[in-house]
Every structure is written in C-alpha cells, then in structure tokens.
Amino acid sequence: MTLQHDLPPVRGKLLPNEPLAPYTWFRVGGAAEALFIPADADDLSDFLKALNPAVPVTVLGVGSNVIVRDGGVKGVVIRLAGRAWGQVTTDGLTITAGAGALDAMVARAAAKAGIAGLEFYAGIPGAVGGALTMNAGCYGAETKDVLVSAWGLNRQGQRVDYALADFGYTYRHSQAPIDIIWVEATYRGTADAPDAVAARIAEITSRRETTQPIREKTGGSTFKNPPGHSSWKLVDEAGWRGRLHAVTGGGAKFSELHSNFMINPGEATAADIESLGEAVRADVLKKTGVQLDWEIKRIGRALS
C-alpha cells in the first residue's frame, strides 16, 4: 500500500512520486511522495480535513527560496498554483491577493490602481504566501509595512484569520504557526499617480537586473543580514564569491554578481548547494565571529 492509496479524493491534481526539481528555481532535489495542487481553497480545506493527521504536509510555494534535498520529501507537498490562487484585485487603496500570486504581480497591480507603498514587492522573487510567512522585504520596506490582514487554513483544514498584529513580525520572521497554509492577503497603500508608482517599480526592477543573478538557477538571498552586517560582504570578504564547491554533483557557488546569492551553474545537487551554504557559515563564523542564519528554507531528506 502506497501513500497515494491512503489519500482523500481531490478535484485538483494529486501526483504520486512527483520530482520536485522542476518546481524549484535551483532545479535540484528529489521527489515528493505525493504532490497536491488544489483546485481552490475549498478543495484544499476538504483534503486537509480528511487527511490522516500522521501524514506530513509541506508547502512548496513557487520554489524561489527553497532547497529541496536530494532524498525528496516525505508525505504530501502542497503547491498553490493556477488561476484560483493567483488573483489580485484592488478596491480604493486596498489590494487583495491570492497566496499564489507573484509578489511582482501585486506590485504591478498596485501601480495600475495608483496605490503606492508596495513597489518593493517588484524586487522579491516569490509569491504572497511566502512573503506572509517570512515578512519578505527589500530596499528598506517589508511586508509588515503594508499588510492589513490575511487568512489561511490550518492542518485540520479550518479557516484562521490573522490581523497584522497577530503575525508578531520581526526581521524575516513571523510568529504565526508554521502549519498555516495562507490563502489570501489584504494590503493597504497610499494614493499616488500610477505613472509615478510604475517609475519606481521600473527603477527597482532595473536595479535588481543589474545587481542580482536573476537569470541563473538561484534561490534569492541565502542568508539573513546579521545585526550591523551585510551578509554579502561577509561572504565576499571570506573569499567565497565565485568559488565552486562540490560534494556529490557538479558543484555550486556564490554568484560573482551578488555574493549572497548561491547559484547552480549547471549540474549541482541539493547536497552541493546546502553544503556550500554550511561551509560558508562555518568559515565566516571562524574568521569573524559572526553567525550567518539561513534565509533560504531547506526541506526534505538528504540521500543516505
């Protein structure tokens, strides 16, 4: 009997032993025992309510800020993809977005509606669900600065509603339970001319294109910035910019363009990428006494 036979019926897609590498920006990692792409929030809720509580559940998102280990992921991996999860609407100065909507889509929708304050989302390579989970931000702004509320489903498939204060946001961290699967978020900005907002988004986009390896197989910022330090400077000064590191595959490295971005230059494995990050953390700690903490999420099992 496989996990697939023990899972509830769904209206969306339920794929057994599905390779996850194609769903991540690093293009590495093993398979999910089962990958579930729910048709909508009701489909997800019904599935969670009927799912055996002993079956692990992992949310993948758009895979932009994650390393899936080579041994794959036990249990069910849930990915919120498709039209039902990516809707973005505006009403006055309020923006409502599905958890699967790309952050950049939210920024562009806000600009079109003459809503300022969410321009920074154009510089975040992820989706709304991940932004809620980690208080995503860049260029001096964070999710907490514009979020009004959000709602999601807990492991039992029950709806939970969160106001901004309920998240307990700090730098790249939320105090919300990790088992909540976010469904929708509501933001509020300030009024401004659409052309002015769009110009600031264009500036952010241009800056990102010239300073980050966005056309490489990467995962966004690798480490959080320690208090009083910039992670990229610590990595660079420790001599890891552009230095290839391999343990089981073709190797990974920190980008020559931005030394807080790891890249898979070709045939890296997840083990190569994660081992590179750990090697850099150890080296920086030894040389400077500064502890680098992962910003990229690592999920799944290593190959034995």
Side-chain angles (χ1 to χ4, degrees), residues 1-82 84-86 98-100 126-130 132-134 152-158 160 176-183 217 219 247-249 252 264 267-275 277-278 294 296-304:
M1 185 72 72
T2 65
L3 175 64
Q4 181 75 7
H5 292 109
D6 295 331
L7 297 179
V10 301
R11 290 184 288 109
K13 294 180 181 179
L14 191 55
L15 309 172
N17 302 311
E18 179 73 4
L20 294 176
Y23 298 96
T24 73
W25 289 24
F26 276 123
R27 295 295 189 266
V28 300
E33 283 193 88
L35 176 66
F36 176 36
I37 304 175
D40 50 36
D42 288 339
D43 191 26
L44 177 57
S45 176
D46 291 342
F47 177 83
L48 292 171
K49 287 174 180 176
L51 184 64
N52 185 333
V55 176
V57 171
T58 303
V59 179
L60 182 59
V62 295
S64 61
N65 195 238
V66 65
I67 299 169
V68 176
R69 295 186 175 107
D70 299 306
V73 182
K74 187 176 181 180
V76 178
V77 173
I78 295 174
R79 187 169 187 264
L80 307 182
W85 298 100
V128 166
L132 293 172
T133 299
M134 65 178 294
L153 300 168
N154 62 19
R155 179 60 178 78
Q156 293 74 44
Q158 301 163 328
V160 289
I178 59 173
D179 69 345
I180 295 178
I181 301 175
W182 299 110
V183 173
K217 291 182 282 189
V247 289
T248 64
N264 171 7
E267 301 300 324
T269 61
D272 288 335
I273 297 169
E274 186 172 13
S275 175
E278 290 296 343
W294 284 94
I296 289 177
K297 185 178 181 183
R298 287 97 62 224
I299 63 174
R301 303 163 292 188
L303 286 175
S304 57

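Residue numbers run from 1 in the order of the sequence given.
- Across P38 and L80, no two heavy atoms sit closer than the pair CG-CD2, 3.8 Å.
- F47 pairs by the ring-ring contact (aromatic ring centres under 6.0 Å, His included) definition with F36, not counting sequence neighbours.
- N65 and G219 get closest at one heavy-atom pair: ND2-O, 2.8 Å.
- In this structure, the side chains of W182 and T133 come closer than 4.5 Å at one or more pairs of heavy atoms.
- Other residues, nucleotides and ligands contribute more than 12 heavy atoms inside 6.0 Å of the CD atom of Q156.
- The shortest side-chain heavy-atom distance between V28 and V68 does not fall under the 4.5 Å cut-off.
- Residues R69 and A270 come closest through the heavy atom pair CA-CB, 3.8 Å.
- Taking the salt bridge (Lys or Arg N to Asp or Glu O under 4.0 Å) definition, one finds that R155 meets it with nothing, sequence neighbours left out.
- Annotation: side chain of L48 is in contact with side chain of L153 (closest heavy-atom distance under 4.5 Å).
- Annotation: salt bridge (Lys or Arg N to Asp or Glu O under 4.0 Å) contacts of R11 (sequence neighbours excluded): D40.
- Counting all heavy atoms, side chain and backbone alike, Y23 lies closest to E18 at OH-OE2, 2.9 Å.
- The distance from atom CD of E278 to atom CD1 of I273, rounded to the nearest 0.5 Å, is 13.5 Å.
- Panel note: side chain D272, backbone T248; a donor-acceptor pair is recorded below 3.5 Å.
- One distance of note links CD1 of I296 with CD of E274; it measures 10.0 Å at 0.5 Å rounding.
- When the shell of 6.0 Å around NZ of K217 is examined, it contains more than 12 heavy atoms from other residues, nucleotides or ligands.
- Scanning all heavy atoms of the two residues, the minimum distance from A41 to V183 falls at CB-CG1, 4.0 Å.
- A 4.5 Å side-chain heavy-atom check between L35 and V77 finds at least one atom pair inside the cut-off.
- The distance from the CD1 atom of I37 to the NZ atom of K13 is 5.5 Å, given to the nearest 0.5 Å.
- A donor-acceptor contact shorter than 3.5 Å is absent between the side chain of D46 and the backbone of D43.
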Side chain to side chain contact (heavy atoms under 4.5 Å, CB included) for L51 and V57? Distances and angles first, verdict last.
CA-CA 10 Å; L51 184 64; V57 171; 3.5 Å; yes

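- To the nearest 0.5 Å, the span separating CG on L14 from CG on L7 amounts to 5.5 Å.
- A donor-acceptor pair is defined here as one N or O able to donate and one able to accept, closer than 3.5 Å; no such pair exists between the side chain of D70 and the backbone of L303.
- Between G157 and S45 the shortest heavy-atom distance is O-OG, 2.7 Å.
- Of the residues listed (L60, T58, V59, L20), the one engaging V66 in a side chain to side chain contact (heavy atoms under 4.5 Å, CB included) is L60, and it is the only one.
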